[in-house]
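Working notes, structure below.
Quantities reported herein were computed from a predicted structural model and do not represent experimental measurements.
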Amino acid sequence: MRVATWNVNSVKTRLPRLLDWLAGTAPDVVCLQETKCPDGAFPVAEVGELGYTVASHSDGRWNGVAILSRVGLSDVTVGFPGQPGFPEPEARAISATCAGLRIWSVYVPNGRSPDDPHYTYKLAWFAALRDALAVELAGGQPATGGGLPLAVCGDFNVAPTDADVWDPAVFTYSTHVTPAERAALAALRDLGLTDVVPTPMKGPHPFTYWDYRAGMFHQNKGMRIDLVYASAPFAGAVRAAYVDREARKGKGPSDHAPIVVDVDLPPTAAE
DNA sequence: ATGCCCTAGCTCCTAGGA
C-alpha cells in the first residue's frame with residue numbers, strides 16, 4: 001500500500017504534472033492540499049481515468065483539500081468537530097477510510113506572523129485537531145473509522161526542529177518555528193502519533209517546501225513542513241518513506257514536493 | 001543541472017502564501 005501527500009498549489013494549474021506523477025508513482029491513496037478548486041470543478045474525470053475516486057472539500061479561491069484513492073473511499077468526513085474558523089470554518093481538513101486505513105488530509109493555517117490573529121487561529125486549529133484525533137484514536141467514532149490504523153498527512157505549516165529549516169536564524173521572528181507551534185505538534189505526538197520522517201533523496205534534510213523566489217530550490221534552502229503523523233499500527237508497518245524532490249523540478253512545479261510512504265498495511269488478504 | 005515568485009479572481013491589481 002502506497003500513501004502520498006502533496007500540497008499542489010492549485011490542482012487545476014498542476015493537473016498535467018499531477019496526472020504524470022500519479023501514473024509514474026502509482027500511489028494507492030493521495031492526500032492533496034491547496035487544491036484552490038471548487039468541488040464542482042475538481043478534475044474527477046481526469047484522475048478517474050487513472051483509477052482514482054475523489055473526495056474533495058474546497059472554499060473556492062483559497063485552501064482546499066482532497067483525498068484520491070484507488071483502493072476504496074468511504075466514510076468521508078469534511079472538517080472535524082470543534083474546528084475553528086477565521087472567522088468562518090475553512091476547507092482545511094478531510095478524512096476517509098481507504099482499504100481499512102483512516103486517512104486525513106490537512107492544510108493547517110499559515111499563521112502569517114506571531115503577532116497576527118491568524119497565528120492565534122493556527123494554534124486554536126491545532127488544539128481542536130488534537131481533540132478530534134483523540135476521539136478517533138480512542139475508537140470513539142467507529143462509524144467514521146475510529147480505531148483503524150490512521151495517518152494524518154498534509155501541510156502542517158510547522159518545521160518540527162531547527163534542522164527542518166535551511167537557516168534557523170532567518171526564522172527567528174517568524175511563524176513555523178515558534179515554541180507554541182512546535183508544542184502543538186508535540187501534543188499530536190502525545191496522542192501516540194509518530195512523525196514518519198521521509199528520506200531526503202538528496203542532501204541531509206528531508207525538506208518538502210522551497211520558496212519559488214531567489215533560486216531557493218536550486219540552493220536547497222527549504223523547510224520540512226509537510227508531515228505524515230501516523231498511529232502506532234500504521235507507523236509500525238511503514239516500510240519506506242521519501243520526499244519526491246523530482247516533482248519540484250522543471251517548469252511549472254508546486255512549491256512543495258510530495259511525500260511517498262510505503263506501508264505493509266492492510267494485509268494482502270484484505271485487498 | 002533543478003536555474004532565480006506564483007495563484008485565482010470581484011483579473012490588468014490584490015490578497016495570500018511561509
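- OP1 or OP2 of B:dT7 has not a single side-chain nitrogen or oxygen of A:N9 nearer than 4.0 Å.
- Contacts of A:N157 with the nucleic acid, taken as non-hydrogen atoms under 4.0 Å apart, involve only primed sugar atoms and P, OP1 or OP2.
- Atom CH2 in A:W62 sits about 11 Å away from atom C1' in B:dC6, given to the nearest Å.
- B:dT11 and B:dC6: their C1' atoms are spaced 15 Å apart (whole Å).
- The phosphate of B:dC6 (OP1 or OP2) has no side-chain N or O of A:S254 nearer than 4.0 angstrom.
- A distance of 7.0 Å separates OG1 of A:T208 from CG of A:D155, quoted to the nearest 0.5 Å.
- B:dC12 and B:dT7 have their C1' atoms separated by 15 Å, with the value rounded to a whole Å.
- B:dT11 is unpaired under the Watson-Crick or G-U wobble criterion, no partner having all donor-acceptor distances under 3.5 Å.
- Using a 4.0 Å heavy-atom criterion, one finds that A:T175 contacts no nucleic acid atom at all.
- Rounded to whole Å, the distance from CG on A:D226 to P on B:dA18 is 9 Å.
- Nucleotide B:dA18 holds its C1' atom 15 Å from the CG atom of A:D167, rounded to whole Å.
- Listed pair A:Y107 / B:dA18 meets the phosphate criterion, a side-chain N or O lying under 4.0 Å from OP1 or OP2.
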Exercise for the section: Verify salt bridge (Lys or Arg N to Asp or Glu O under 4.0 Å) between A:D262 and A:R2, making sure each step is shown before the conclusion. Expected result: CA-CA 5 Å; A:D262 288 318; A:R2 171 164 274 191; 2.8 Å; yes

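- Each of B:dA18, B:dG3, B:dA8 was ranked by its minimum atom distance to the side chain of A:H218; first place goes to B:dG3.
- When rounded to the nearest whole Å, the span between CZ of A:R213 and P of B:dC5 equals 9 Å.
- Relative to the side chain of A:R14, the nucleotides B:dA18, B:dG3, B:dT7 differ in distance, and B:dT7 lies closest.
- Distance noted for atom C1' between B:dC5 and B:dA18: 13 Å (whole Å).
- Rounded to whole Å, atom P of B:dA15 lies 15 Å from atom NZ of A:K36.
- Taking the side chain of A:R61 as heavy atoms from C-beta on, and the options B:dG16, B:dA8, B:dC5, the nearest nucleotide is B:dA8.
- Taking for each of A:P253 and A:K249 the nucleotide of DNA chain B with the nearest heavy atom, the 5'-most of the two is the partner of A:K249.
- Pair assignment for B:dG16: B:dC6, on the basis of Watson-Crick or G-U wobble contacts that are both within less than 3.5 Å.
- If you take OH of A:Y121 and P of B:dA18, they are 13 Å apart, rounded to a whole angstrom.
- Taking side-chain N and O atoms only, A:H176 has no distance below 4.0 Å to OP1 or OP2 of B:dG17.
- One atom, OH of A:Y173, and another, C1' of B:dA18, lie 18 Å apart when rounded to the nearest Å.
- Nearest approach of A:T175 to A:K122, heavy atoms of both residues: CB-NZ, 4.5 Å.
- A:R112 comes within 4.0 angstrom of the backbone, heavy atoms only, and of no base.
- In this structure, A:E34 reaches the sugar-phosphate backbone alone: every heavy-atom distance under 4.0 Å involves primed, P, OP1 or OP2 atoms, never a base.
- Ring orientation note: the planes of A:F207 and A:H205 are close to parallel, at an angle under 30° on the 30°/60° scale.
- Ionic pairing of A:R70 and A:D28 is present here: one or more N-O contacts between side-chain nitrogen and carboxylate oxygen are shorter than 4.0 angstrom.
- Nucleic acid contact for A:Y209: sugar-phosphate only, since backbone atoms but no base atoms lie under 4.0 Å from a heavy atom of the residue.
- Straight-line distance between the P atoms of B:dA1 and B:dT14: roughly 39 Å, to the nearest whole Å.
- A:D155 comes within 4.0 angstrom of sugar-phosphate atoms only, judged by non-hydrogen atoms across all strands, and of no base.
- Set against B:dA18, B:dA8, B:dC5, the side chain of A:Y212 has B:dC5 as its closest nucleotide.
- Between A:T35 and A:G111, the one whose closest nucleotide on DNA chain B sits nearer the 5' end is A:T35.
- Using a 4.0 Å heavy-atom cutoff across all strands shown, A:M216 reaches no nucleic acid atom at all.
- Comparing the C1' positions of B:dC4 and B:dG9 gives an interatomic distance of 27 Å, to the nearest angstrom.
- Going from atom CH2 of A:W6 over to atom CH2 of A:W21 covers 6.5 Å, rounded to the nearest 0.5 Å.
- If you measure from atom NE2 of A:H118 to atom P of B:dA18, you get 10 Å, rounded to the nearest angstrom.
- Across all strands, A:F156 comes closer than 4.0 Å to no nucleic acid atom at all (heavy-atom distances).
- To the nearest 0.5 Å, atoms CZ (A:F86) and OG1 (A:T120) are separated by 8.5 Å.
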